[in-house]
Amino acid sequence: MAATATAVVAVDKLVFALNGRRYEVAGVDPSTRLLEFIRTRTPFKGTKLGCGEGGCGACVVLIAKYNPTTDEVTEFTASSCLTLLYSINFCSVITTEGLGNTQDGFHAVQKRMSGFHASQCGFCTPGMCMSIFTSLINADKSKRPEPPKGFSKLKVAEAERAFSGNMCRCTGYRPIVDACKSFASDVDLEDLGLNVFWNKGDRNPDVSELPSYTLGGGVCTFPDFLKPEIKSSIDHLNDPCIAVAASREGWYHPRSIREYYELINSCLFSDSVKVVVGNTSSGVPGYKDQDLYNKYIDIGSIPELSKTVRRESGFEIGAATAISKTIEILEQECESVSSPNGSLVFRKLADHMSKVATPFVRNTASIGGNIILAQKYPFPSDIATILLGAGATVCLQVATERRQVTLDEFLEQPPLDATTLLLSIFIPHWISDCQAETSLLFETYRAAPRPLGNAVSYVNCAFLGHASVDEQSDTLVLSNLRLAFGAYGTEHAIRAKKVEEFLTGKSLTASVVLGAIHLLREAIVPLEGTSHPEYRVSAAVGFLFSFLSPLSKGIPEPGKARGSGSADSADTDDPSNLSLSSRQETISNGEYKPVGEPIKKYGVELQASGEAVYVDDIPAPKNCLYGEFIYSTQPLAYVKSIKFKSSLASEKIVTVVSAKDIPSGGQNIGSTFMFGDEPLFGDPIAEYAGQALGVVIAETQRCADMAAKQVLIEYDTKDLSPPIITVEQAVENSSYFKVPPEYFPKEVGDVSKGMAEADHKIPSAEVKLASEYYFYMETQTALAIPDEDNTLVVYSSSQYPELAQSVIARCLGIPFSNVRVITRRVGGGFGGKAFRSFQVATAAALCAYKLRRPVRMYLNRNTDMVMIGGRHPVKAHYSVGFKSDGKITALHLDMLINAGISEDASPLMPGTIISSVKKYNWGALSFDIKVCKTNNTSKSVMRAPGDTQGSLIADAVIEHVASVLAVDANSVREKNFHTYDSLQLYYPDSAGEASTYTLHSIFDRLVSTSKYLDRAESIKQFNSSNKWRKRGISCVPLIFNVEPKAAPGRVSVLNDGSIVVEVGGIEIGQGLWTKVQQMTAFALGQLWPDGGEGILGRVRVLQADTLNLIQGGLTAGSTSSESSCAATLQACNMLINRLKPVFDRLQQQSEKVSWDTLISQASKESVNLSASAYWVPGQVFNKYLNYGAGISEVEIDLLTGAITLLRGDLVYDCGKSLNPAVDLGQIEGSFIQGIGFFIYEEYITNSDGLMISNSTWDYKIPSVDIIPKQFNAEVLNTGYHKNRVLSSKASGEPALVLCSSVHCALREAIRAARQEFADSTRSGSSPLEFQMDVPAPMTIVKELCGFDIVDKYLESLSTHESATGA
């Protein structure tokens, strides 16, 4: 019987469409993901792997399904990295190539993304395009009125959320928002930012200037050829006489509950079977697949699990219903005439569910799967909590028995196994009782790092009840209470039944609410090991207070402003819901056209269409193998043995490569820089947690990744001293790296004298800055291919191919000339693809060299985060002396820098940190800096390395002085700005001429244009009117020391007049190729009849190749673009000198000489049409300073610590910008990345130094919902700068430093909160003085505001009640 059943439900082949092409697949491993199939078995490479968790959006595709009964097609986005290939049978899949491409023409979405400068490194762009396109076509299907021609039915508010789950590390999101808004029917085109379609300031731009959009998307999402196949397959399945052959692939698709049970009871199944609907749980850390599965049961098509049944008492949703579909059903119920009373609960449930996960995960994740996870594991589910609050029940099938149980009972049961099937969830209608005069109350809450979702809650709640008026006391009384709490560090969501009982029937007063909160604190007890336990309890208290206080007598509502505050100053609305707006001011420089023009990025349409080739997009060579690192989890230990568990994944291992496989004559080297080497493998000792011990080799990347999880490592610490993890331990053991004297910064003045002159002193204060992970969208990757005569070609995603070549050659013991390293483009670097990329390239090269087969390594996100390191953590103590007017006379710093295990570039950090500290005139400045060697991953350069930490330290000192003097911090800042004389003293090598010192005018301009003083006054009024919300504002200056580096360039003109350019700089998203293209066109345009702009389309920039163009150098420090442009200009000028005589002779024959004629004649005359240059910056004025200023305004919620960035204003001096659009993108993008460092990104390690916040679930980079609600940026054109490349200045890193203004503004808001609740803060110190480290996420904000402020507040109200007899 069982065997027959399995034959009926097995799937022997798979049919689907991909970008309109038919695919029929058989014999594929059932664990294959859709993404893996697309990237390895089809020509389409646009869909990218960014995280493998459904947390970044790089892999988003459109999936379309056809319903033959209704003849309707539904489209939705999905994470192809989680979607199992066999689950898309008879579906149509569209990737970005299916929207448009070079051959068929680009789609309007791709063109507008390109034209609004919304793509930098480009790795995330295909996923962005798919999310936006799907939002457009689904909006167009709505019953809204027809929009004006060229627009979609999408609304501006929806456009801002259209890609809310897609991450971007480069752009800062603002241009992506603008590109998406350009389709919205209610957009004001004048509000959109800088673009190539019209000039900024043009009045009444018209939609006709934008790439044309066809309503409905203009793309066939479901091809007709699949429809008859679907209909015939249904007839086929419905024929009881037909049985499908038993599945070789291991994918089973039961069509009834009976078939399901026959399957799981059959002898075919064992532990390696997985029951799935959307398979999204495989992206959740802690619940990810720990081994391969060879059998899957897809229960998504069992009818009972998918239907919705409406009843008078409520409605039942099938457990396999997608979360997004559940939201849709709830919203329809709200609008239904039949359920007016239930609409409150349904509306709140739908709104809350829309903040769970990402849109493309909600589209495939089932509501039942979410609840099952919450039942089986301590999974912090929002859905389980809110359904518990709403009184949901569940229907279970246990073998032949069907049971209805409450959700409370279900969650309490022992973890389910496959013999119990969750069929459906019933949500009751809750109504107000008119006869009993009771009102229905229902609210849900969540405290999470991101407001729009894609973040797990620290705590979530749902409160339901009925309220009636007690006429005798004129107070509200509650009944039928359900108070549900979850995610706070609990096994599963619970009801606070003691609190419910306590509140039921009581008149609500401050003392009653206080009693409820005391009981709640007893009920909400996080499990041991839960992060931020006090925060979670405090936030839960805040939510209960928010729910009860509007109903209570004598408690002002948290959401209401006090007194007669104006409506716009009241905190009645959630500021995270404010719409986004922006302003960009740039000045194009017409002197060197096309240099100075805001042209779009070179090759940007290829990025949008997915045709731009990154390392992992290069087709795998024949016999290619794949590698994944095995790494240590111990910080200092001998590695005694490396073994593997007995598992399916272990069977896939081809071999393991380790230090013993390094050839004789080679070295165990994985990275190097001028200060020293770092080993490739820990051998025989693992020196830190995260150190590579070997490489597992398998036939696919997924098998290699899974096989690495099977490793069992035996360690021994005998005779080893304890590891040094912290800087304090490094000090105890005198474990330091030497800083060569030439790199150590210079002190200024006499600090003891300055201290003696001071009226006030802060003798000792501390500030700590944690590390930050790079989170480039493309993880570390390399492809190594053995070539003839003992040589290798290595494709590496690297910012420093030249040094990668040297490390590989030294590891293998072969000449440098035997190693060719090629880098075309990098999917984000930020310094992480500099020295940290060598290890992956070298490991891949070693494996390929040993095995004589190509080897590809593409680190999975978790491994990348654990192994690669990040920004340097810094601990600083300072003592400062100052006058009563705020003038600082002396500053001394004691600083400890955690460098990790190797030098890397760490000895440079003291210099860059102090350079940034020197942005103020401290009078005298001294410091003691130790670069600590610890048993941690090596810390390396990361965007604005050292400057970022130094700027915050400097501003922390300024803020501290201002708080002691009780004056505005800006007055202290300006009091300590440099004069030109002091600037020369502090920056003797880079101060430049007095005319170039623009900081004062920039600061004044920013204060004026941003209306800083008015806003600061408004904030005071807001803070005095609002008890539970506070705002802060801060303005910081920027002085950034820049040092251009030498760079090569080669320009060659081919016989048809087309131009090929090679430079040492790597395109990592910063627009280097674009500026080089413009520079080439400008320089050679002298011989072009219509000037340089006509040449642009003929210029092609080639990938970096270490055997083709040597001495390429390191792409870093924000100067590689200008250095590459300078080298290009030199090479072009050499060509001009060779071509000019030919041009002059031709001009004598004909007045107008075409470029093609010139090149043809030069070729005939054997003129050398290729010129190479090596640009070396001048000895005098080599270094220079960048200036800028930034203002940030924030708002905090005192009950949860939630942070909203209300506004950011930046003014930045770019000299004469080589491309204002590119520079503006760099400025905005780096500022938003800075928000991550200062506020959101928590780099958490365990006691062994192993990074444990190693996933998109735990590590939160900025997303579109946390950028400033109003974001204004101005790129100044400050005129002629001699010794600069066409008077330009750097833009890639400096603006990140301005983000310390967000941290400072946050401090101001917290100060206002502590002033409000001064009695609640810790005794013994002023509430206005406190230490706030980096980062400062909502958990820290809440802690600094006070975990007990609600309790203290209610105690004071209760005391008042007792005193007045209320």
Under 3.5 Å: donor-acceptor pair, side chain of [X], backbone of [Y]:
| X | Y | result |
| --- | --- | --- |
| Ser1255 | Trp1257 | yes |
| Asp1197 | Leu1199 | yes |
| Glu1241 | Ile1239 | no |

Within 45 degrees of the ring normal and closer than 6.0 Å to the centroid, is that where the cationic atom of [X] sits relative to [Y]?
| X | Y | value |
| --- | --- | --- |
| Arg536 | Phe485 | no |
| Lys376 | Phe379 | no |
| Arg861 | Tyr1259 | no |
| Arg1031 | Phe1022 | yes |
| Lys1260 | Phe775 | no |

Is there side-chain contact between Val477 and Leu508, with heavy atoms separated by less than 4.5 Å?
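Side chain of Val477 against side chain of Leu508, heavy atoms only: no contact under 4.5 Å found.
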
Beyond-backbone contact of Thr490 with Pro526, side-chain heavy atoms, under 4.5 angstrom:
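With C-beta onward as the side chain, the pair stays apart.
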
Are Phe463 and Phe543 close enough that their ring centres sit under 6.0 Å apart?
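No, too far apart.
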
Indicate whether the side chain of Gln1315 and that of Asn1023 have a donor and an acceptor atom separated by less than 3.5 Å.
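Asn1023 and Gln1315 do not have a side-chain donor-acceptor pair below 3.5 Å.
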
Quiz: residues 514-522 side-chain donor-acceptor pairs under 3.5 angstrom, not counting sequence neighbours:
| unit_1 | atom_1 | unit_2 | atom_2 | d |
| --- | --- | --- | --- | --- |
| Arg521 | NE | Asp1351 | OD2 | 2.9 |
| Arg521 | NH2 | Phe1347 | O | 3.2 |
| Arg521 | NH2 | Asp1351 | OD1 | 2.9 |

For the CD atom on Gln413, are there more than 12 heavy atoms of other groups (residues, nucleotides or ligands in this structure) within a distance under 6.0 Å?
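It does: Gln413 CD has more than 12 such atoms within range.
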
